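Notes for the one structure printed next.
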Amino acid sequence: MSVRPLRAPGRSFGIWAGAFRLDDRALVADAAAALEDMGYAALWYPGGLRRTFETAAVLLEATSRAVVATGIANIWVNPPTESAEAFARLDAAHPGRFLLGLGASHGPMVERSGLGRYERPLAKMRGYLDELDASATPVPPEDRIIGALGPKMLALSAERSLGTHPYLVTPEHTARIRAAVGAGARVMPEQGVVLDSDPVSARATAREALAMYLGLPNYVNNWLRLGFTEDDVADGGSDRLVDALFAWGTPEQIAARVRAHHDAGADHVCLQILGPPGELPLATARVLAAALLG
């Protein structure tokens, strides 16, 4: 049996975009097909409070080779039985091309949304995986990946899934993740990018994307573990923090950051191209693909 795409060690890159969830399905389908043709190996999209798996179906039907992945499906929003049933449907129609990314989200987001009290996220994830395993249509470990940052969730991701999909991390953190999960797990970080060589405007774009995450303890604590200070995470984030978390500059400089993640142990890096909300920046994606493949 051939290896399912993205499940083997390697060096690939993809696109992570919230705009894949737009209501204009024709626009999304055309963009997905174009990105696949450019050489992007996977299309990632964030979960939400609705239509988590409908988006996957649109992207899969528009493509023939690219993996489609949730980055991530919130385990407080998506019951495990529904996730297992959706995975079975998508995998039957598009074998090996859907990767179920799962995450425990964040306390402020879960409780603000009325989804319940956020407590014991590690136990919640472990129980969720148990239910996926016990489902009438189980999701195999190699077909699910966990959004993990802290050491205990990373250990669980290596033990019970394909690996980890960390968000808002640096190449240095990718190296730590690789050391933590070992050679057998896949490491697939997100990397925010800004195709702009002006430091003032590039950092302004990055800070706009960073703003909401500065209020989420899971991320802040992770950056502090990496050696950033309380000053770095205050007042919109220091230049040092912004420059470490986001790749900005020329296509070649952005490609160098992707290579740094690969050199640190990443198997796959998904680029989130920052720009106006709801935009699918295909022109920028094409320029970056050329630099990444060059």
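Predicted model, so just to flag it, every value in this text is computed and none were measured. All heavy atoms count here, side chains included; hydrogens, waters and symmetry mates do not. For the single chain, residues carry numbers from 1 onward in sequence order.
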(request) Name all residues meeting the side chain to side chain contact (heavy atoms under 4.5 Å, CB included) criterion together with Arg65; count only those two or more places apart in sequence or in a different chain, and write none if there are none. (result) Glu36, Asp37
(request) Considering non-hydrogen atoms only, spot the tightest contact between Met125 and Ile146 and give its length. (result) CE-CG2, 4.0 Å
(request) Could you tell me whether Asp133 and Arg144 make a salt bridge, using a distance below 4.0 angstrom between a side-chain N and a carboxylate O? (result) yes
(message) Under a plain distance cut-off of 3.5 Å, with no hydrogens placed, do Asp198 and Trp248 share a side-chain donor-acceptor pair?
(response) no
(request) For Asp263 and Arg178, run salt bridge (Lys or Arg N to Asp or Glu O under 4.0 Å): C-alpha distance rounded to whole Å, both residues' side-chain angles, the deciding distance at 0.1 Å, then the answer. (result) CA-CA 11 Å; Asp263 291 344; Arg178 173 53 70 198; over 6 Å; no
(message) Test of understanding: with side chain to side chain donor-acceptor pair (under 3.5 Å), list the residues that count as partners of Ser238, not counting sequence neighbours.
(response) Asp232
(message) Under the rule for side chain to side chain donor-acceptor pair (under 3.5 Å), what residues qualify as partners of Glu279, not counting sequence neighbours?
(response) none
(message) Please evaluate residues Arg97 and Thr63 with respect to the criterion side chain to side chain donor-acceptor pair (under 3.5 Å), reporting the C-alpha separation (whole Å), side-chain torsions for both, the decisive distance (0.1 Å), and the verdict.
(response) CA-CA 10 Å; Arg97 293 208 299 124; Thr63 54; 2.9 Å; yes
(message) Tyr213 and side-chain hydrogen bond (donor to acceptor under 3.5 Å, both in side chains): which single residue from Tyr219, Tyr167, Trp223 fits?
(response) Tyr167
(message) Does anything in residues 183-194 form a salt bridge (charged side-chain N to carboxylate O under 4.0 Å, His left out)? List the pairs, not counting sequence neighbours.
(response) Arg186-Asp267
(message) Regarding Asp239 and Arg207, does a basic nitrogen lie under 4.0 Å from an acidic carboxylate oxygen?
(response) yes
(request) For Val193 and Trp16, run side-chain contact (heavy atoms from CB on, under 4.5 Å): C-alpha distance rounded to whole Å, both residues' side-chain angles, the deciding distance at 0.1 Å, then the answer. (result) CA-CA 11 Å; Val193 304; Trp16 193 107; over 6 Å; no
(message) Please give the remaining members of the hydrophobic cluster of Val181, linking ILVMFWY side chains under 4.5 Å, ordered by chain and number.
(response) Leu154, Ile177, Val187
(request) Not counting sequence neighbours, which residues clear side chain to side chain donor-acceptor pair (under 3.5 Å) with Arg225? List them please. (result) Asn222
